[in-house]
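Since the structure comes first, as structure tokens, the remarks are kept for the end.
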Amino acid sequence: MMQNAPHLEDAASCSGFELTTEGLCRSILARHQDTICVRKSAIAVPRLKRILEAALDLSNRGGFQAMSLRDLSRASGLSTGGLYAYFDSKTTLLKMILLEVTDLVQRVLGRPPATLAADPVAHLRWLIDTHLHLTEALLPWFTFAFMEAKNFPPAERRIAVDSEALTERLFAEVIERGTKMGVFRSDTSPLLPAIIKPLLQEWYVKRAKYRRRGVAIETYSATVQGLVLSACLSDRPGQPSGSRQVQGS
């Protein structure tokens, strides 16, 4: 868990989710009972964690398609037969990962604090900051979902596309609400929600670049917030408290 993001902990708590690999494994175990043969959580979760961590590491280094079950067996320390107790094909394993990432975004970002309903600016800031910290906390999962998308089979590619559309829709709804309230300009580009997503993806896809430059996540988040608000924030009076401030988080 990211200790410098208490708001992310709050969001995860409200969604009833634990933002750890173990938490995702427990969710996968519950979601895929028809595929996973091992029923005892005390056994299944640690082994599934080994499988998924190995699969994500191998995929993010050499590609999911290039990863063989022999590679995964060697990296996870489980026999090939042991792997088949959790999934019947690489496509099933792929779907497990994608569905979990998609569900995670929906559960965390789709349940903002109730106090944000009256302040679209604060809500927009919260969406940006929470998304960034979410991808930071589970970096290998989100890197995998982005980097492998072009190689997904049609059904799994649709899951990835729908996940991106979901995130865009969350931003669009907040901007639309703020426009109706007069907080955001009426001429705000309808493309703005679609433009925000690549700014968020930039953080985890090119994480090494920002690490080399010594850019902290707080700095990156504040910069994205400033760019987005400069593109939509109204200069009219009567905005919610603090909403006219563009820089910072």
Side-chain angles (χ1 to χ4, degrees), residues 1-12 19-21 23-24 52-64 66-67 97-98 100-102 104-105 108-109 112 116 121-151 160 163-168 170-172 174-175 184 188-189 191-233 242-249:
M1 181 70 64
M2 299 296 295
Q3 294 182 352
N4 60 344
H7 62 291
L8 179 55
E9 295 185 19
D10 292 341
L19 292 178
T20 62
T21 299
L24 269 64
L52 291 172
E53 287 182 338
L56 291 170
D57 180 61
L58 290 170
S59 298
N60 289 338
R61 286 193 286 116
F64 185 78
M67 179 190 72
I97 297 172
L98 288 180
E100 212 54 41
V101 170
T102 300
L104 181 62
V105 171
V108 173
L109 297 186
L116 297 181
V121 173
H123 192 171
L124 190 57
R125 290 185 183 279
W126 179 88
L127 282 174
I128 292 170
D129 201 53
T130 301
H131 190 289
L132 288 169
H133 279 94
L134 178 60
T135 59
E136 179 78 358
L138 295 167
L139 184 63
W141 294 74
F142 285 88
T143 301
F144 171 87
F146 179 88
M147 297 301 292
E148 291 294 324
K150 62 181 179 297
N151 298 317
S163 178
E164 185 164 335
L166 166 67
T167 306
E168 183 177 329
L170 291 173
F171 281 100
V174 174
I175 293 172
F184 298 139
T188 297
S189 173
L191 296 178
L192 183 58
I195 293 172
I196 296 173
K197 182 66 174 179
L199 292 174
L200 300 176
Q201 291 171 329
E202 169 82 3
W203 176 254
Y204 60 87
V205 173
K206 300 183 180 179
R207 187 69 185 84
K209 177 176 73 174
Y210 294 101
R211 189 180 293 114
R212 287 195 302 270
R213 295 179 179 181
V215 178
I217 190 171
E218 293 79 11
T219 301
Y220 190 84
S221 179
T223 300
V224 174
Q225 291 176 44
L227 289 171
V228 172
L229 289 173
S230 68
C232 65
L233 194 60
S243 65
R244 291 173 64 85
Q245 181 184 358
V246 173
Q247 295 299 325
S249 58

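As the structure is a prediction and not an experimental result, all values here were calculated from the model.
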Query raised in the report: What is the minimum heavy-atom distance between Y204 and L200, and which atoms define it?
Result: CD2-O, 3.6 Å
Report task. State the CG-CZ distance between L138 and F144, to the nearest 0.5 angstrom. Result -> 14.0 Å
Query raised in the report: Side chains of E148 and L98: closer than 4.5 Å at any heavy-atom pair?
Result: no
Query raised in the report: Do you know which two heavy atoms are closest between P112 and L116, and how far apart they sit?
Result: CB-CD1, 4.0 Å
Query raised in the report: Hey, does the side chain of N60 reach the backbone of L56 with a donor-acceptor pair shorter than 3.5 angstrom?
Result: yes
Report task. Would you check if P140 and T21 make a side-chain contact, meaning some heavy-atom pair closer than 4.5 Å? Result -> no
Query raised in the report: Rounded to the nearest 0.5 Å, what separation is found between the OG1 atom of T135 and the CG atom of L104?
Result: 10.5 Å
Query raised in the report: Between L227 and S230, which heavy-atom pair has the shortest distance, and what is it?
Result: O-OG, 2.7 Å
Query - Distance, nearest 0.5 Å, that separates NE2 of H133 from CD of E218 - result: 5.0 Å
Query raised in the report: According to the interplanar angle, ranging from 0 to 90°, do the rings of Y220 and W203 count as parallel (below 30°), tilted (30 to 60°) or perpendicular (above 60°)?
Result: tilted
**Report entry** Value rounded to 0.5 Å, distance of CD in E202 from CZ in F146
**Finding:** 9.0 Å
Query raised in the report: Any donor-acceptor pair under 3.5 Å linking the side chain of S221 with the backbone of I217?
Result: no
**Report entry** Contact summary for S59 and A55, nearest pair of heavy atoms
**Finding:** OG-O, 2.7 Å
Query raised in the report: Below 4.5 Å, heavy atoms only, C-beta onward: do M67 and R61 meet side chain to side chain?
Result: no
Query raised in the report: With a 4.5 Å heavy-atom cut-off, do L52 and L24 have their side chains touching?
Result: no
Query raised in the report: Minimum heavy-atom separation for L124 to C232, with atom names?
Result: CD2-SG, 4.2 Å
Report summary line: On a heavy-atom basis, the closest approach of F184 and V174 is CE1-O, 3.8 Å
Requested in this report: Check whether any side-chain N or O of T219 sits under 3.5 Å from a backbone N or O of V215 as a donor-acceptor pair, and report yes or no.
Outcome: no
Report task. Output the distance between atom CD1 (I196) and atom OG1 (T167), rounded to the nearest 0.5 Å. Result -> 10.5 Å
Query raised in the report: Roughly how far, to the nearest 0.5 Å, is CD of Q225 from CD1 of I128?
Result: 5.5 Å
